[in-house]
Number of protein chains: 2
Amino acid sequence: MAKVDTHKVMQQAERSCADHGVRLTSKRKHILEVLLNAQAPRSAYEIAELYRQKTEENIPVMSVYRMLDFLMQNSLVHKLASNNKFIACAHIACSHSHQTPQFLICDNCQQVREIGVDKQLIHALEESIEHNHFQLNSPQLELHGLCETCQQES
Amino acid sequence: MAKVDTHKVMQQAERSCADHGVRLTSKRKHILEVLLNAQAPRSAYEIAELYRQKTEENIPVMSVYRMLDFLMQNSLVHKLASNNKFIACAHIACSHSHQTPQFLICDNCQQVREIGVDKQLIHALEESIEHNHFQLNSPQLELHGLCETCQQES
DNA sequence: ATTGAAATGATATGATATATCATAATTTGT
DNA sequence: ACAAATTATGATATATCATATCATTTCAAT
């Protein structure tokens, strides 16, 4: 997870929500900040705990799930289906529109990189799949392996 | 899920286990048969229920998980991480060695096709990823969308 | 200020998965 | 054929992830 300028990202997130006429409430902001500051993907329950530490207020896990849903709908957060954890989008502050995210998940340290897989490659993948008469929804890829640091350790 | 000759597949599974010196017990066989006969991926709890119907014997879910682990280790079953369900490998009876599986998951009818994505494509994907200094474990891809039948219905 | 809509809380419960210790079945060495 | 060791399975408890539902609060528009 590359370091991000949390403040700048939050500003961009607020602007993006304002532009879309949706409300980035202070609780939703806290959730997003928790994820931005996290060093790895977090489960909803972990997020609730981090929220408590950060704000000294309890938050029901139910609410965390709802806020995560909101943040996902607005492309501020992604869910990693392969381990049931959530991660802040790495491209909130980027100007370009969001493409389908691709994740490299380190099975040793759990860190995740959100990469832009070559567009042509994705396109080719889609074509290959449509040969099978299958209509792709959203080709979010989650690829497991070892990050550079953890490769060196072993 | 294409129709398979269950009997033939089971024979091949037995041979494969024998070759590897591992025990395909009758309970493990039942679990595999349940998945071979299923029309879609099943959760461990669903498998336990199907097992009961098939054999008229109760089986603890804990045991189901263990047997699924065994079957996965021996490439007879795959787990779909994106929906926490299990599926029999579509290539048990194929002679060629198992490659990394790629799944097309229909979000409408839940059916899954295990396809061979073009090898070159996978290779290109791996290269792109290694540009990011990431060492891929096993690029199992799970792609969500609509199968041919369900496209026509909508 | 009133009202309607959206957000959040509270509570319950369902669904998925693992830890751990006990028992049974199978294999192995003699 | 028997005992010991290994492997497989059972039983029980509990952790973890997620959703359903109804109540209350907050916010925005008039």
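Below, chain A is the first sequence line, B the second, and so on; all start at residue 1. Note that the structure is predicted; figures quoted are calculated from it, not measured. In what follows, every heavy atom counts, from backbone to side chain, and hydrogens, waters and symmetry copies are set aside.
Rounded to whole Å, the distance from CD on B:E46 to P on C:dT16 is 7 Å. Rounded to whole Å, atom P of D:dT9 lies 9 Å from atom CZ of B:F70. Rounded to whole Å, the distance from CD on B:Q73 to C1' on D:dA8 is 13 Å. Separating the CG atom of B:L71 from the P atom of D:dA8 is a distance of 12 Å, rounded to the nearest angstrom. For the pair A:D69 CG and C:dA6 P, the interatomic distance rounds to 16 Å; values are reported in whole Å. Distance, A:L68 CG to D:dA18 P: 10 Å, rounded to whole Å. Atom-to-atom, NE2 of A:H30 to C1' of C:dA7 comes out at 15 Å; the value is rounded to the nearest Å. One atom, CG of B:L80, and another, P of C:dT16, lie 13 Å apart when rounded to the nearest Å.
When the nearest nucleotides of DNA chain D are assigned to B:N84 and B:V22 by heavy-atom distance, the more 5′-ward of the two goes with B:V22. The residue among B:M67 and A:N83 whose nearest nucleotide of DNA chain D is located toward the 5' end is B:M67. Taking the nucleotide of DNA chain C with the nearest heavy atom to each of B:V61 and A:I59, the more 5' of the two is matched to A:I59.
Residues B:R23 and B:C17 fail the side-chain proximity criterion, which asks for heavy atoms closer than 4.5 Å. Taking the side chain as every heavy atom from C-beta outward, B:S75 and B:C89 never approach each other to under 4.5 Å. Looking only at side-chain heavy atoms (C-beta outward), B:V112 and B:L104 stay at 4.5 Å or farther from each other. Here the side chains of A:P41 and A:I105 are not in contact, with every heavy-atom distance at 4.5 Å or above.
In terms of phosphate contacts, B:K79 brings a side-chain nitrogen or oxygen within less than 4.0 Å of OP1 or OP2 of C:dA17. Contact between the side-chain N/O atoms of A:T25 and the OP1/OP2 oxygens of C:dA7 is not found at any separation under 4.0 Å.
Remark: the backbone N or O of A:L35 is not paired with any side-chain donor or acceptor of A:R42 at under 3.5 angstrom. B:R28 places no side-chain N or O within 3.5 Å of a backbone atom of B:L71 that could act as its donor or acceptor partner.
The listed nucleotides are D:dT9, C:dT8, C:dA17; the one nearest the side chain of B:R28 is D:dT9.
For the side chain to side chain donor-acceptor pair (under 3.5 Å) test, residues two or more places apart in sequence or in another chain that qualify with A:E33 are A:K54.
For C:dA17, its base sits under 3.5 Å from the side chain of B:Y45 at one donor and acceptor pair at least.
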Distances under 3.5 Å between nitrogen or oxygen atoms of protein and nucleotides 19-27 of chain C:
none

